[in-house]
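Start at 1 and go down the list; that is how both ligands and their atoms are numbered. Here, residue 1 is the first one in the sequence, and each next residue gets the next number. Reckoned from all heavy atoms, side chains included, excluding hydrogens, waters and symmetry mates.
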Amino acid sequence: PSLEFEQTRRLIEMGVQESWWYISDQLQQLRKKVGVHSDFTSHIDQILEEGADHTRVTQFDLHRLSQLDGLGSWREQEAADLSGLIQNRLHALQHPPDCSKARKLICNLNKGCGYGCQIHHVVYCFIVAYGTKRTLILKSRGWRYNKAGWEDVFQPLSETCTDPSGYSHSHWPGLNETQVVDLPIIDTLTQRPTYLPLAIPRDISERLARLHGDPPAWWVGQFLKYMLRLQPKTQEMLDNMAETLGFQKPIIGIHVRRTDKVGTEAAFHGIEEYMSLVENYYTALKLRQPDVVKRVYLASDDPTVITEAQRKYPDYTFVGDPNIARTAAVATRYTDASLKGIIADVHFLSLTDYLICTFSSQVCRIAYEIMQGIHPDASSYFKSLDDIYYYGGQNAHNQRARFPHSPKRSDEMTLKVGDIVGIAGNHWDGYSKGVNRRTRQNGLYPSYKMEEAISIADFPSYAAVDD
Ligand code: GDP
């Protein structure tokens, strides 16, 4: 298929979703206005129910369209080829011919934050390593999640080059010929390269934009794919857990982030909010598989969530370990604690068919990113209850107006075709919020009139290692 065909197909998918979010939100507002006892209430409820069904059927057909005429197998092959290309480059980067002469980038895993945040820190280091063609050296001794370090659970980033020493040493950015450069955390990085997320490399940008609905997340996912190769004993632990917990497909993953996050960085979301989306997913799946078992993998740092879910939703099979949630509740606030739990939760969440969570949490964003390395295009296999996808410390996230817009309310912005808008968030009701870079106007704008303005960056060439 052409780039334009695939982009148009995905725009239609987005448009169908956005228009239903818009209509259902408007109907719910109307329902509140007319009052509970009005004659209109039941009619509105009926439209909400049947409208949801209309949407599901159209989405079902759009899914079929994405697979027809060999598109499904083309996508599988193309995803495997592109991923193979990048994995091969990362392997080459990490295995220089002579480590004692290799240019190196030093990254310390021990950023003072949670597991998801630390893993994202390493991904950022790895992207900078790729962008400077330096071998990434990961320091992980005394890791709060595992004193024995990274290599105790994951395979080392290199089999041949892990020695941080060199003949010349400097802090970021150093000179091109400086052998060893120390990279600070992204929060304090000066002389920021243009290739930081959400940018994607120019040499694969066209193929990637054709293949995938969320190229920046796919790109991050490729670094995770290389980094998180499991040690055999970690793999064995996860296989045993899968068996004991009864992890089977189809399955939806929900991540309920509570404890220290609530009221500080995110709002509280009741289990009902997650479960109504789960219910919607299974209603849609029943169009294809009428007698499906409704399974949910539930991860949380709040141990009461699993029991609450089981009590309130007896027709579901909840997969998950309350003990993990119990230790997780402690892990967020204290050092040490359960690496096993968080590895397992991220692993199983990434293996589900669909994720429902708050993207304000790095735990769920990582699961989503890993997912992109598992499927040809899993960019639509999630629903976030709060933020859109982002990468901590990212460069600007922009969208481009495909159609003009004149404000209908005072909090909306004016759009001209081609306007670039920095998106702050999607309100999941048909509108997004952001800033128009041309007019500097802040405000709401209709999500369906936009397309992503993907940032494309120049990286050094890896042509010499491509097969
Ligand atoms: P964020 O604070 O949610 O953005 O993510 P971080 O990963 O940076 O920090 C949260 C930490 O809380 C994690 O690293 C875990 O230690 C713990 N945590 C949060 N949610 C879960 C969960 O669902 N399962 C487990 N096992 N731990 C969790």
Could you tell me which atoms of ligand 1, counted from 1 in the order shown, lie closer than 4.0 angstrom to a heavy atom of [X]?
X: Ala299; value: 23 (O)
X: Ile324; value: 26 (N)
X: Gly341; value: 26 (N)
X: Tyr145; value: 11 (C), 13 (C), 14 (O), 15 (C), 16 (O)

- [ ] Going by the salt bridge (Lys or Arg N to Asp or Glu O under 4.0 Å) test, name the single residue among Asp301, Asp345, Asp386 that passes it with Arg257.
- [x]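 Option passing the salt bridge (Lys or Arg N to Asp or Glu O under 4.0 Å) with Arg257: Asp301.
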How about [atom1] on [X], more than 12 heavy atoms from neighbouring residues, nucleotides or ligands closer than 6.0 Å, or not?
X: His427; atom1: NE2; answer: yes
X: Lys133; atom1: NZ; answer: yes
X: Lys433; atom1: NZ; answer: no

Within reach of ligand 1, part of [X] (heavy-atom separation under 4.0 Å):
X: Asp345; result: side chain
X: His255; result: side chain
X: Gln118; result: neither

TODO: Ignoring hydrogens, just give me the one of Tyr115, Phe348, Phe359 whose non-hydrogen atom is nearest atom 14 (O) of ligand 1.
DONE: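 Looking at heavy atoms only, Tyr115 sits closest to atom 14 (O) of ligand 1.
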Open item on the list: I'd like the name of whichever of Arg257, Glu265, Gln362, Arg326 reaches closest to atom 2 (O) of ligand 1 through any heavy atom.
Closed with: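 Considering heavy atoms of Arg257, Glu265, Gln362, Arg326, the nearest to atom 2 (O) of ligand 1 sits in Arg257.
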Task: Stacked cation flag Lys383 on Trp428, 6.0 angstrom / 45 deg - done: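 That pair qualifies as a cation-pi contact.
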Open item on the list: Would you say Gln231 and Gln155 are linked by a side-chain donor-acceptor pair, where the criterion is simply a distance under 3.5 Å?
Closed with: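 No.
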Open item on the list: Working note: Asn110 + Arg141, criterion side-chain hydrogen bond (donor to acceptor under 3.5 Å, both in side chains); need CA distance, chi angles, decisive distance, verdict.
Closed with: CA-CA 8 Å; Asn110 296 306; Arg141 202 169 304 152; over 6 Å; no
Open item on the list: Taking a cutoff of less than 4.0 Å between a non-hydrogen atom of the residue and any ligand atom, is Ser300 in contact with ligand 1?
Closed with: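 A heavy atom of Ser300 does come that close to ligand 1.
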Open item on the list: Checking the N or O distance criterion of under 3.5 Å, is ligand 1 in contact with Cys113?
Closed with: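 Between Cys113 and ligand 1 (N or O atoms, distance only) the closest approach is not under 3.5 Å.
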Open item on the list: I'd like to know whether Gln222 forms a side-chain hydrogen bond (donor to acceptor under 3.5 Å, both in side chains) with Tyr130, so could you lay out the CA-CA distance, the side-chain angles of the two residues, the decisive distance to 0.1 Å, and finally the verdict.
Closed with: CA-CA 12 Å; Gln222 286 302 306; Tyr130 183 91; over 6 Å; no
